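Just below is one structure, and these are the notes that go with it.
Everything numeric in this text was worked out from a predicted model, so none of it was measured.
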Amino acid sequence: MRNGAFAVAIWLSFIAWSLATAPIPGPNEPHYLCKARQLVDPTWIPGDFFLESTSAHAVFFWVFGLVTQVLSLDATAVCCRLVSLAIVAIGWQATFGQLTRSYWQPLVIAWTYLALTVGGNLSGEWLVGGGEAKVFAYGLLLIAFAVWAMGLTMTSAAIAGLGVAWHPVAGAWGVLAWLAGHYFTTPPPLSTRARVLIVTKHLGMLTLFSLPGLVPAIWLLAAPGEPQTRFAGTFIQVYFRLAHHLDPMVFTRWSWIYYGLLSLAAIVVWRLRSKLTHDERLGADVAKHPADSFALQWLAMLVAALVIALAGLVIGFGPRPAPLMWGYAWRQELLKFYPFRLFDLMLPVTTAWLLVRLVAASDWGILTRSPRFRQSLFLLSILLPLGLLVLGRRTLPDGRLDHERWVAWKDVCKIAKDILPANAVVQTPHASFGFKWFGQRAEYINFKDCPQDAAGIVEWNRRLKFLHTWYQDQYADQLYDAAELTRLRQETGITHVITDRLGPFEAVMLYENPIYRLIELPLSPRVEKRLQND
């Protein structure tokens with residue numbers, strides 16, 4: 001009962017943090033949830049280049065695509081966050097409840113983890129924010145780890161397989177690190193045959209439950225295509241579009257310093273706690289309590305995540321631009337599997353756990369043993385999320401733009417939704433956000449919405465370069481005249497443009513507010529005459 005109550009408290013804290021730091025829609029929710037809706041209902045926003053590209057994360061897209069047929073996009077985002085963070089909260093309470101042998105410490109660990117994330121991250125990985133497939137994957141993995149520690153290994157394998165199904169990359173790294181940790185911390189069976197049998201059974205169960213998401217992911221990677229296109233797509237993905245996640249040479253100096261400090265803190269805290277609690281020390285006394293074995297496996301998993309990240313650093317280390325680096329072609333093939341994401345998450349989570357355990361084991365820990373402390377903690381678990389929501393609303397903008405631009409942007413999106421034909425194709429400004437979410441019309445190209453298949457990535461890059469060059473070349477006379485705009489419409493299929501800086505345009509302006517203008521590109525005389533006759 002108490003574990004359930006504190007799991008709810010963790011869930012409320014995660015929800016409050018999510019809504020305060022990433023107001024709906026979050027940075028990636030228009031990207032994922034719009035694609036989910038269009039996958040289930042292709043008549044919604046027809047002709048959008050990104051929405052009609054090959055889909056990854058098939059389980060997430062199909063599940064929440066169906067939800068969008070019942071709920072609005074905003075309500076779907078709320079539903080996605082509520083459910084995904086509930087799974088994370090259950091797994092968090094179960095895992096750290098066993099690691100700490102306490103029902104209340106997981107809540108404090110959750111708060112400590114959230115506080116540590118304020119300092120930044122290494123490769124952009126996060127757990128509590130918007131609604132995405134990886135949040136489900138991480139939550140299911142936490143539950144799987146806890147179930148494994150309870151001795152229900154086949155059930156754990158099935159749950160871990162579901163985590164892989166929801167997000168193959170995040171799930172697979174988590175499973176691989178856990179298996180490595182288990183291998184190096186658990187005595188092997190008496191015979192090789194027994195070991196092979198156990199591994200085969202568990203991998204079979206894991207694979208079976210991961211197939212709904214794993215098969216589409218493998219198909220995406222192995223899809224036939226020209227070698228030049230596959231190479232170019234990977235190059236653009238690793239060294240341009242997703243470099244902030246994949247290329248260690250572009251990670252900020254502060255990110256490396258901060259994660260170095262976190263690593264040092266984790267080591268120091270572990271050593272201090274070992275000295276303070278000799279009777280609970282891991283290592284020689286690991287057989288004293290099952291939780292000690294579980295903790296050792298967790299730390300081994302952190303080490304495995306570190307080894308994976310260090311391998312990514314070695315693979316990605318070198319001069320830039322990338323072609324100056326020896327073997328950059330094979331290196332990019334490995335970097336595209338996100339080698340840093342698991343360590344990016346595991347380090348602050350583990351540091352938070354160790355910090356809380358150190359305090360609980362010290363003289364300060366005496367205070368935590370009184371019933372009044374635990375009652376106060378539970379009350380705080382209700383008040384703190386409310387405070388986070390109030391603080392978030394007062395200090396954070398409603399979107400990715402400043403308030404004035406945000407209001408003007410939603411205004412012009414609403415007009416586009418109301419007056420543009422369903423088959424319109426719109427080119428939006430570079431500094432825009434969620435046009436498909438608010439305007440519900442197709443876009444020609446958007447920097448955020450990059451496909452995941454090689455051919456789609458190459459085409460995405462071509463469109464970006466084409467527009468950049470076109471805008472520069474046609475502005476030589478400081479006017480985008482009707483003839484130029486007509487050719488642009490014929491070559492690209494763009495029917496309308498929303499702009500905040502470009503111009504002047506020799507075209508019909510459909511709407512204007514203090515920041516944005518909605519312009520209809522002219523048709524060729526022959527097409528316009530044919531339409532009039534029809």
Side-chain angles (χ1 to χ4, degrees), residues 28 31-32 34-36 38-40 42 45-62 65 132-134 164-173 207 210-247 250 312 315-316 320-339 341 425 436 442-469 491-494:
N28 293 330
H31 180 89
Y32 288 112
C34 287
K35 193 158 186 32
Q38 211 271 347
L39 179 67
V40 174
I45 312 187
D48 186 271
F49 165 65
F50 168 71
L51 295 185
E52 295 180 351
S53 65
T54 305
S55 296
H57 308 148
V59 173
F60 178 88
F61 286 145
W62 277 108
E132 289 188 25
K134 67 180 180 182
V164 175
W166 275 90
H167 196 295
V169 174
W173 281 130
T207 303
S210 68
L211 287 177
L214 196 58
V215 170
I218 294 175
W219 174 257
L220 181 67
L221 290 173
E226 293 291 331
Q228 298 90 336
T229 301
R230 294 174 63 86
F231 173 84
T234 302
F235 182 89
I236 295 166
Q237 182 182 46
V238 172
Y239 298 118
F240 176 50
R241 177 60 186 89
L242 297 178
H244 57 295
H245 293 309
L246 305 176
D247 184 359
V250 304
I315 292 168
R320 292 295 182 270
L324 296 177
M325 180 172 58
W326 171 82
Y328 78 97
W330 64 262
R331 295 187 186 205
Q332 70 183 24
E333 291 293 334
L334 297 176
L335 287 175
K336 73 178 180 181
F337 291 104
Y338 292 81
R341 74 185 315 157
V425 178
K436 287 185 275 291
E443 288 179 278
Y444 176 69
I445 194 62
N446 178 296
F447 182 83
K448 177 68 176 176
D449 292 344
C450 179
Q452 296 199 1
D453 61 295
I457 294 172
V458 171
E459 173 60 16
W460 170 86
N461 189 60
R462 185 200 69 79
R463 292 188 180 202
L464 283 178
K465 293 172 65 176
F466 170 81
L467 279 185
H468 178 75
T469 302
E491 292 178 22
T492 63
I494 298 172

- Task: Would you name the heavy atoms of Pro168 and Gly213 that are closest together and state the gap between them?
- Result: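 Residues Pro168 and Gly213, closest heavy atoms: CG-O, 3.5 Å.
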- For residues Arg230 and Ala222, report the shortest heavy-atom separation together with the two atoms involved.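 Closest approach of Arg230 to Ala222: NH1-C, 4.3 Å.
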For the residue pair [X] and [Y], does the interplanar ring angle fall in the parallel (under 30°), tilted (30 to 60°) or perpendicular (over 60°) class?
{"X": "Tyr328", "Y": "Phe231", "value": "perpendicular"}
{"X": "Phe240", "Y": "Phe447", "value": "perpendicular"}
{"X": "His57", "Y": "Phe61", "value": "tilted"}

Which value, rounded to the nearest 0.5 Å, describes the distance between [X] atom [atom1] and [Y] atom [atom2]?
{"X": "Glu132", "Y": "Asn28", "atom1": "CD", "atom2": "CG", "answer": "4.0 Å"}
{"X": "Leu334", "Y": "Leu246", "atom1": "CG", "atom2": "CG", "answer": "11.5 Å"}
{"X": "Asp48", "Y": "Cys34", "atom1": "CG", "atom2": "SG", "answer": "8.5 Å"}

- Query: Side chains of Tyr338 and Leu242: closer than 4.5 Å at any heavy-atom pair?
  - Reply: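 Side chain of Tyr338 against side chain of Leu242, heavy atoms only: contact under 4.5 Å found.
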- Under the side-chain contact (heavy atoms from CB on, under 4.5 Å) test, which residues partner Glu491, sequence neighbours left out?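 Listed in chain order: Phe466, Arg487.
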- Query: Should Gln228 and Val458 be marked as a side-chain contact (heavy atoms from CB on, under 4.5 Å) after you check the CA-CA gap, both sets of side-chain angles, and the distance that decides it?
  - Reply: CA-CA 10 Å; Gln228 298 90 336; Val458 171; over 6 Å; no
- Message: Could you work out, with side chain to side chain donor-acceptor pair (under 3.5 Å) as the rule, every residue matching Glu459, not counting sequence neighbours?
- Response: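 If we apply the side chain to side chain donor-acceptor pair (under 3.5 Å) test to Glu459, skipping adjacent residues, the hits are Arg462, Arg463.
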